[in-house]
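What follows is a set of notes on a single structure, which appears directly below.
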Amino acid sequence: MPPVKKSPQHIAIVMDGNGRWAQKRHLPRLAGHKRGVDALKTVIQACIGRGIPILTVFAFSSENWSRPTGEVSGLLELLNAALRRELSALHARGIRVRFLGSRHGLEPDLCTVLENAERATQANQEMILNVCFNYGGRWDIVDAAARLAAAGTSITEASMNAALSLAPCPDPDLLIRTGDEHRLSNFLLWQCAYSELYFSPALWPDFDAAELDLALEAYASRERRFGRTRPAPAVVPA
Ligand code: IPE
Ligand code: IPE
Ligand code: MG
């Protein structure tokens with residue numbers, strides 16, 4: 001791998017293409033989602049190896065409830081099972097796990113599993129893994145604004161930043177979407193205002209450390225201007 005000049009501190013990923021990966025192999029779509037969990041494990045390890053401290057992944061959108069019931073229940077079960085199976089390994093590697101999204105519509109048992117995982121790993125410092133599940137960017141903005149309004153807090157960029165579900169993490173530097181689709185699909189609409197976008201043709205189950213390095217090389221070649229005429233500091237000025 002060639003030396004990477006600039007590394008993102010926060011990568012967000014729309015993990016897309018599981019269904020097509022399975023269909024190409026004449027497998028049920030859920031087989032693709034299962035392989036997607038393996039790809040996520042690979043990418044978490046690769047991010048730790050490359051010193052990337054924050055990874056945020058889109059696992060289930062507000063709109064994914066519109067899929068066939070069997071696929072939806074399979075995805076909910078997959079999250080529950082994967083978390084029960086992987087939690088101790090995530091914890092042992094110093095990963096803090098957070099779940100971003102509405103708990104509305106999730107079974108109490110799943111909510112308990114999510115809350116236990118967040119609590120068990122909250123002091124970990126090696127990496128933050130934000131899993132966006134039952135998440136939508138519009139939900140996030142409306143939920144934050146409604147809470148601020150209910151508390152009588154004035155709505156400013158700073159108060160919104162603090163109330164959005166990603167807080168206190170900074171905005172993603174790099175947004176990767178796999179599966180050859182070039183859209184946000186309601187992911188982190190506010191927080192990706194100045195993220196660098198990278199679209200990979202790889203289907204998510206095929207995305208690995210080498211694919212991540214291609215995204216990191218593309219990122220290193222970008223000039224982030226934040227509205228200026230010349231390159232700006234790495235962080236958007238307040
Ligand atoms: C992404 O893969 C995972 C979820 C949306 C839950 P898809 O299931 O969207 O896969 P494709 O896009 O149909 O291939
Ligand atoms: C986005 O993928 C959501 C996740 C990856 C969780 P979708 O497959 O749901 O997005 P669209 O429908 O192609 O826009
Ligand atoms: Mg898709």
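Counting convention: from 1, in listed order, for ligands and their atoms alike.
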Worksheet item: So does Glu181 have any N/O/S atom less than 2.8 Å away from the Mg ion (ligand 3)?
Response: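 Here the distance criterion (N, O or S atom, under 2.8 Å) is not met by Glu181, so no.
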
Worksheet entry | Salt bridge present between Glu115 and Arg103 (N-O < 4.0 angstrom) |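 Yes, charged N to carboxylate O under 4.0 Å.
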
List of N/O pairs, ligand 2 versus protein, all under 3.5 Å?
residue	atom	partner	partner atom	Å
ligand 2	8 (O)	Asp16	OD1	3.2
ligand 2	8 (O)	Arg67	NH2	3.2
ligand 2	9 (O)	Asn64	ND2	2.9
ligand 2	9 (O)	Arg67	NH2	3.3
ligand 2	10 (O)	Arg177	NH2	3.3
ligand 2	10 (O)	Ser185	OG	3.3
ligand 2	13 (O)	Arg183	NH2	2.8
ligand 2	14 (O)	Arg183	NE	2.8
ligand 2	14 (O)	Ser185	OG	2.6

Item to complete: Look up atom OH in Tyr198 and atom CG in Leu175, then write down how far apart they are to the nearest 0.5 Å.
Response: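 Tyr198 OH to Leu175 CG: 12.5 Å, rounded to 0.5 Å.
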
Worksheet item: Name of the Asp16 N, O or S atom nearest the Mg ion (ligand 3)?
Response: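 In Asp16, the N, O or S atom with the shortest distance to the Mg ion (ligand 3) is OD1.
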
Any donor-acceptor N/O pair, [X] side chain to [Y] backbone, under 3.5 Å:
{"X": "Asn134", "Y": "Gly101", "answer": "no"}
{"X": "Arg98", "Y": "Leu166", "answer": "yes"}
{"X": "Arg147", "Y": "Ala163", "answer": "yes"}
{"X": "Arg177", "Y": "Arg183", "answer": "yes"}

Worksheet item: Can a cation-pi geometry be assigned to Arg25 and Trp21, taking NZ or CZ under 6.0 Å from the six-membered ring centre and within 45° of the ring axis?
Response: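 Yes.
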
